[in-house]
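Below is one structure, written out as structure tokens; the observations come after it.
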Amino acid sequence: MEKYILVTGGAGYIGSHTVVSLVENGYTPILLDDFRNANRIVVDGLTQILGQQPIIVEVDVCDEKGLKEVFERFNFVGVIHFAAYKAVGESVGEPLKYYQNNLMGLINVLSNMVAFNVKNLVFSSSCTVYGEPKGIKEVTEETPKNFPSSPYGFTKWIGEQIIEDTFKAYPSLNLMNLRYFNPVGAHKSTAIGEFPIGKPNNLMPYITQTAIGKLEKLTVFGNDYPTVDGTCIRDYIHVVDLAFAHVKALSFLEKNEGCFETINIGTGKGSSVLEIINAFESETGQKLNWAFGLRREGDVTEIFANATKAKNVLGWESKLTIKDAVIDAWNWEKKLAEQNEK
Ligand code: UFG
């Protein structure tokens with residue numbers, strides 16, 4: 001029997017890599033996306049990797065009637081809910097767009113899960129819910145949350161609360177928040193990767209686009225932070241490892257009736273911005289045009305995951321390295337450039 005998993009936002013960066021991982025592990029993902037924030041080329045990439053096109057439903061996750069029809073059509077074993085806006089800066093200027101889309105989408109998903117008795121949900125949360133950690137920068141799931149610095153961050157914070165409250169009301173559901181750290185890299189095949197819309201906000205696509213000549217120069221935001229080299233520290237996790245964490249999460253939920261869990265998904269190691277730049281230059285042989293600039297408002301100084309719970313509860317840990325991530329991200333950028341030349 002097919003094990004159908006609804007993957008909302010399945011054409012996105014993390015979603016598409018998770019679709020691959022699900023198929024590799026015996027699930028049948030149903031990719032739901034309205035492609036407003038995703039590139040249709042991802043469908044060709046997925047087809048290339050999987051040998052056939054995944055099942056795609058073009059529906060807005062906030063569309064009540066549309067989503068209900070999807071739940072009527074498939075007998076889902078579980079849902080992985082990625083579909084959401086994710087640009088921190090944009091969310092400051094357009095908070096209502098973020099609250100509307102990110103919260104209504106989640107509520108629509110949960111309502112249908114309750115109505116159709118679909119038990120298992122994995123929710124894309126973020127380490128943004130820790131805000132700027134006070135004291136120790138290695139955060140466990142028990143580390144107190146701090147207010148995030150953006151409406152985007154609050155949608156994750158409130159999303160987690162919505163899930164917790166839903167679990168209290170419907171304790172037979174199995175719900176899990178995965179708090180991602182910083183996803184980077186691309187699929188080894190270069191068939192799928194990240195498609196930043198417009199100028200990228202995140203470090204890795206900014207590096208690769210600068211190296212390929214799409215952007216002139218990378219600005220490193222701040223060199224006066226109290227860290228090893230003055231630049232901020234993050235936990236960069238390869239997107240293929242992150243994708244597999246969702247498969248482990250689902251299989252855990254299937255085996256554990258009535259559970260609510262929150263789990264960090266990171267490598268457990270922090271890297272500074274300069275360390276990432278150095279890794280990129282030494283692994284790819286590309287010289288990067290970069291310079292120090294002012295601090296970016298809202299940036300956390302340092303945060304990285306304590307990834308022990310993921311290992312103990314899910315049996316998951318990261319395998320790929322920063323070296324893998326910079327090489328894969330660079331190969332993906334080169335592939336995009338080749339495609340654009342055609
Ligand atoms: N950085 C630069 N120059 C750039 C871009 C980024 O120096 O052009 C630095 C940032 O200052 C930061 C690091 O690179 O120190 C990582 O920045 P990203 O924008 O790639 O990632 P963030 O850690 O800021 O954001 C990520 C996710 C968000 C999430 C947040 C939680 O992208 O979704 O973590 O902290 F909300």
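Index from 1, following the sequence. Because only heavy atoms are used, hydrogens play no part in the values below, and waters and symmetry mates are left out as well, while side chains stay in.
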### Query
So N102 and T155, side chain to side chain donor-acceptor pair (under 3.5 Å) or not? Walk me through it.
CA-CA 6 Å; N102 293 8; T155 68; 3.1 Å; yes
### Message
Please evaluate residues K309 and N264 with respect to the criterion side chain to side chain donor-acceptor pair (under 3.5 Å), reporting the C-alpha separation (whole Å), side-chain torsions for both, the decisive distance (0.1 Å), and the verdict.
### Response
CA-CA 7 Å; K309 187 170 176 186; N264 286 340; over 6 Å; no
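Defined by atom type and a distance below 3.5 Å, a donor-acceptor pair is present between the side-chain atoms of Y180 and S124. Between D324 and T321, the side chains place a donor N or O and an acceptor N or O closer than 3.5 Å (distance only, hydrogens not considered). The closest side-chain donor-acceptor pair between E160 and S125 falls under 3.5 angstrom.
Rounded to the nearest 0.5 angstrom, C127 SG and K156 NZ are separated by 11.5 Å.
Side chains of L336 and W332 form a contact here, defined as non-hydrogen atoms less than 4.5 Å apart.
Linking Ile, Leu, Val, Met, Phe, Trp and Tyr whenever their side-chain heavy atoms come within less than 4.5 Å puts Y27 and V19 in one cluster. Connection of I322 to I14 is not established within any shared hydrophobic cluster, with ILVMFWY side chains joined at heavy-atom distances below 4.5 Å, either directly or through further cluster members. Under the 4.5 Å side-chain heavy-atom criterion for Ile, Leu, Val, Met, Phe, Trp and Tyr, I263 and I80 are members of the same hydrophobic cluster. Put simply, F280 and I276 are part of the same group of oily side chains (I, L, V, M, F, W, Y) that touch within less than 4.5 Å, one to the next.
Within a 6.0 Å radius of NZ in K137, more than 12 heavy atoms belonging to other residues, nucleotides or ligands are found.
A search for salt bridge (charged side-chain N to carboxylate O under 4.0 Å, His left out) contacts involving E24 returns nothing, not counting sequence neighbours. Partners of K199 by salt bridge (charged side-chain N to carboxylate O under 4.0 Å, His left out), not counting sequence neighbours: none found. Among residues two or more places apart in sequence or in another chain, the side-chain contact (heavy atoms from CB on, under 4.5 Å) test is passed with E64 by N108. Every residue meeting the salt bridge (charged side-chain N to carboxylate O under 4.0 Å, His left out) condition with R40, not counting sequence neighbours, appears here in chain and number order: E58. Residues forming a salt bridge (charged side-chain N to carboxylate O under 4.0 Å, His left out) with K311 (at least two apart in sequence, or on another chain): E317.
A cation-pi contact, defined as under 6.0 Å to the ring centre and within 45° of the axis, is absent between R234 and F181.
No donor-acceptor pair closer than 3.5 Å links the side chain of Y225 to the backbone N or O of R295.
Pairs passing the ring-ring contact (aromatic ring centres under 6.0 Å, His included) check and including a residue from residues 57-81, sequence neighbours excluded, read Y4-F74, F71-F76, F71-F116, F74-F76.
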